[in-house]
S.K.: 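The structure under discussion is supplied below as C-alpha cells; questions concerning it will follow.
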Amino acid sequence: MAWIRSVLHMVWMVVTVIPWTLAVLLTSIVASRTTTWWVAVNWFRVVMLGTRWILGVRMEVQGMEHLPLGKTSAAVLLAKHQSALETLWLPTLMTHPLAFVFKRELLKIPFFGWSMARLDMIHIDRESRAAAMKHVIEQGRRLLAQGNWVLMFPEGTRIPRGEEGTYQTAGTRLAVETGAPVVPIAVATARCWPRTGFVKYPGVVRVSIGPLMPSQGQDPKVLMRQAQAWIEAEMRRIDPEAYP
C-alpha cells in the first residue's frame with residue numbers, strides 16, 4: 001500500500017508542477033519577486049495537501065511564536081536536512097519569502113528547477129568553497145535587505161535519520177555580517193519520507209522552530225555550535241526513536 005500511495009503522490013506532484021511552473025514563469029515577467037514567490041508557495045501547499053491525504057503523513061509544528069515579527073524583519077534560518085519534505089514544507093510555514101541556498105545542479109531539474117531559477121535564490125558551486133562563501137554573503141546581504149529570509153541547511157546535504165553531519169559556518173557568517181538573528185530548526189521528516197528511496201510511509205513528522213539567537217558581536221563558529229547544539233538536542237526530543 002505504501003508503494004501505491006507513493007506512486008500516486010508522485011503523479012500528483014508531476015501533474016500539478018507543470019501548470020504551476022508556467023504560472024511562476026509568467027508571473028515573474030510581469031510581477032515582483034515577492035508576488036512570484038507566493039505563487040510558487042501555492043504549489044508547495046498543494047504538494048503538502050497531497051502528502052497529507054495521499055501518503056497519510058500528518059505534520060506537526062512547534063515554535064511558530066519564535067519567528068521574527070514585522071515585514072522588514074531579517075532572519076537566517078538554519079535547518080536540519082533529512083529529506084526533500086522540509087524543502088516543500090518549510091516555505092508554507094513562513095511569513096516571509098525565503099531564499100534557499102542550494103547547489104546549482106538543481107536548476108537543471110525540469111519544471112521545478114526552472115521555477116527556482118526565477119525566484120532569485122542563492123545557487124552555489126560546491127566545488128569552490130571560497131567562492132561559494134563569498135556568493136552566499138553577497139547575495140544573502142542583498143536578499144535580507146529586501147525583506148527575504150535566507151534558509152540554509154548547514155550540514156550541506158541530507159543526513160540519515162538518527163545521525164549528525166558536519167555543520168558548516170556559512171549561515172552564521174552571513175548572520176554575523178548582516179546582524180540578522182539565527183533561527184534554528186529541527187525537522188524529523190525522515191520518519192515518513194526517507195532520505196533516499198522512492199517509498200514514503202504514513203505517520204507523523206515534526207518541525208520544531210527554536211528561539212532567536214542574536215548574531216551581533218558573535219563569533220560565527222561559536223554561534224554555529226550553539227545552533228547545532230540546540231538542533232541536535234531538539235532532534236532527540238521530537239524523534240526519540242531515532243536515537244538509541
Side-chain angles (χ1 to χ4, degrees), residues 24-25 27-29 31-41 44 67-68 70-81 86-87 90-91 93-109 112-158 165-185 209-210 212-228 231:
V24 167
L25 295 177
T27 302
S28 68
I29 296 173
S32 66
R33 188 264 181 192
T34 299
T35 300
T36 305
W37 166 258
W38 294 119
V39 171
V41 169
F44 295 143
L67 293 173
K71 291 184 178 181
T72 60
S73 63
V76 176
L77 314 180
L78 301 181
K80 186 76 175 178
H81 197 15
E86 54 266 17
T87 64
L90 288 176
L93 303 177
M94 301 303 162
T95 57
H96 283 232
L98 298 184
F100 283 79
V101 177
F102 62 93
K103 58 184 179 181
R104 188 169 298 160
E105 291 81 358
L106 294 180
L107 296 175
K108 299 177 182 179
I109 300 176
F112 181 79
W114 303 342
S115 295
M116 294 183 72
R118 303 299 298 177
L119 293 176
D120 195 16
M121 297 194 184
I122 306 173
H123 39 88
I124 60 174
D125 180 3
R126 295 200 300 190
E127 297 300 320
S128 176
R129 293 187 59 183
M133 178 72 75
K134 181 179 179 181
H135 187 64
V136 168
I137 299 298
E138 290 177 349
Q139 295 302 310
R141 184 189 299 275
R142 175 180 63 84
L143 290 163
L144 286 168
Q146 294 174 357
N148 305 297
W149 290 350
V150 175
L151 172 62
M152 301 182 68
F153 300 110
E155 291 164 291
T157 189
R158 288 173 288 184
T166 301
Y167 282 67
Q168 305 297 327
T169 60
T172 50
R173 289 181 185 275
L174 172 61
V176 170
E177 287 271 350
T178 60
V182 164
V183 180
I185 302 176
I209 301 169
L212 294 182
M213 296 182 173
S215 65
Q216 294 182 348
Q218 290 271 30
D219 179 278
K221 293 182 180 179
V222 173
L223 185 57
M224 180 53 75
R225 286 198 293 269
Q226 293 171 352
Q228 178 179 357
I231 291 170

S.K.: Excluding sequence neighbours, so at least two apart, what forms side chain to side chain contact (heavy atoms under 4.5 Å, CB included) with Ala31?
M.R.: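 So Ala31 forms a side chain to side chain contact (heavy atoms under 4.5 Å, CB included) with Thr27, Thr35.
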S.K.: Just jot down the side chain to side chain contact (heavy atoms under 4.5 Å, CB included) partners of Ala40, sequence neighbours excluded, or say none.
M.R.: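 With neighbours one apart ignored, the set is Val24, Leu119.
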S.K.: So, do Met152 and Val136 sit near enough that their side-chain heavy atoms are less than 4.5 Å apart?
M.R.: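 Heavy-atom side-chain distance check passes, below 4.5 Å.
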S.K.: Taking all heavy atoms of Pro154 and all of Ala79, pick out the closest pair and write down the distance.
M.R.: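 Closest approach of Pro154 to Ala79, heavy atoms only: CD-O, 3.3 Å.
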S.K.: Just to verify, what does Ser28 make a side chain to side chain donor-acceptor pair (under 3.5 Å) with, not counting sequence neighbours?
M.R.: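 Once residues adjacent in sequence are excluded, the partners of Ser28 under the side chain to side chain donor-acceptor pair (under 3.5 Å) criterion are Arg118.
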S.K.: Check whether Gln218 reaches the backbone of Leu223 with its side chain - one donor and one acceptor, N or O, closer than 3.5 Å.
M.R.: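 Flag not set: sc Gln218 to bb Leu223 has no pair under 3.5 Å.
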S.K.: Measure the shortest side-chain to side-chain distance between Val101 and Leu174 over non-hydrogen atoms and say whether it is less than 4.5 angstrom.
M.R.: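 No, every pair of side-chain atoms sits at 4.5 Å or beyond.
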S.K.: Once rounded to the nearest 0.5 Å, what's the spacing between atom CD of Gln146 and atom OG1 of Thr72?
M.R.: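 Here the interatomic distance stands at 13.5 Å.
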S.K.: Less than 4.5 Å apart, side chain to side chain, heavy atoms only: is that true for Leu78 and Pro184?
M.R.: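 Not touching, per the 4.5 Å side-chain cut-off.
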S.K.: Report the distance from atom CG of Leu67 to atom CG of Leu93, rounding to the nearest 0.5 Å.
M.R.: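 Here the interatomic distance stands at 8.5 Å.
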S.K.: So Met224 and Val182, do their side chains get closer than 4.5 Å, heavy atoms only?
M.R.: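 Not touching, per the 4.5 Å side-chain cut-off.
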S.K.: Quick one: do Thr87 and His81 satisfy side-chain contact (heavy atoms from CB on, under 4.5 Å)? Show the steps, please.
M.R.: CA-CA 9 Å; Thr87 64; His81 197 15; 3.9 Å; yes
S.K.: Could you list the residues that satisfy side chain to side chain donor-acceptor pair (under 3.5 Å) with Arg33, not counting sequence neighbours?
M.R.: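 With neighbours one apart ignored, the set is Asn148.
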S.K.: Working to the nearest 0.5 angstrom, can you tell me the gap between Met94 CE and Trp37 CH2?
M.R.: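 Met94 CE to Trp37 CH2: 10.0 Å, rounded to 0.5 Å.
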S.K.: If you compare all heavy atoms of Val183 against all heavy atoms of Pro68, which two are closest, and at what distance to 0.1 Å?
M.R.: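 Result for this residue pair: CG2-CD, 4.4 Å.
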S.K.: Looking only at heavy atoms, what is the nearest atom pair of Leu98 and Met121, with distance?
M.R.: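 Closest pair (atom of Leu98, atom of Met121, distance): O-CE, 4.0 Å.
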S.K.: List in chain and number order the residues that pass side chain to side chain contact (heavy atoms under 4.5 Å, CB included) with His96, two or more places apart in sequence or in another chain; answer none if no residue qualifies.
M.R.: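 Result, side chain to side chain contact (heavy atoms under 4.5 Å, CB included) vs His96: Ser73, Trp149.
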S.K.: If you measure from OG1 on Thr172 to CG on Asp219, what distance do you get to the nearest 0.5 Å?
M.R.: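 Atom-to-atom, Thr172:OG1 and Asp219:CG are 8.0 Å apart.
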S.K.: Closest approach of Thr34 and Pro97, non-hydrogen atoms and distance?
M.R.: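 The answer is CG2-CG, 3.9 Å.
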S.K.: Taking side chain to side chain donor-acceptor pair (under 3.5 Å) as the definition, give me every residue that meets it alongside Thr169, ordered by chain and number, with sequence neighbours left out.
M.R.: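 Here the qualifying residues are Arg173.
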S.K.: With rounding to the nearest 0.5 angstrom, report the OG1 to CD distance, Thr157 to Gln168.
M.R.: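 Here the rounded value is 11.5 Å.
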S.K.: Between Phe44 and Pro91, what is the shortest heavy-atom contact and its length?
M.R.: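 Heavy-atom minimum between the residues: CD1-CB, 3.5 Å.
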S.K.: Can you find a pair of side-chain heavy atoms, one from Leu144 and one from Val76, that are under 4.5 Å apart?
M.R.: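 Side-chain contact under 4.5 Å: yes.
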S.K.: Looking only at side chains, do Gln228 and Arg225 share a donor and an acceptor under 3.5 Å apart?
M.R.: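 There is no such pair (donor and acceptor under 3.5 Å, judged by atom type) between the side chains of Gln228 and Arg225.
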S.K.: I need the minimum non-hydrogen distance between Ala175 and Ser215, along with the two atoms involved.
M.R.: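 Reported closest heavy-atom pair: O-OG, 3.0 Å.
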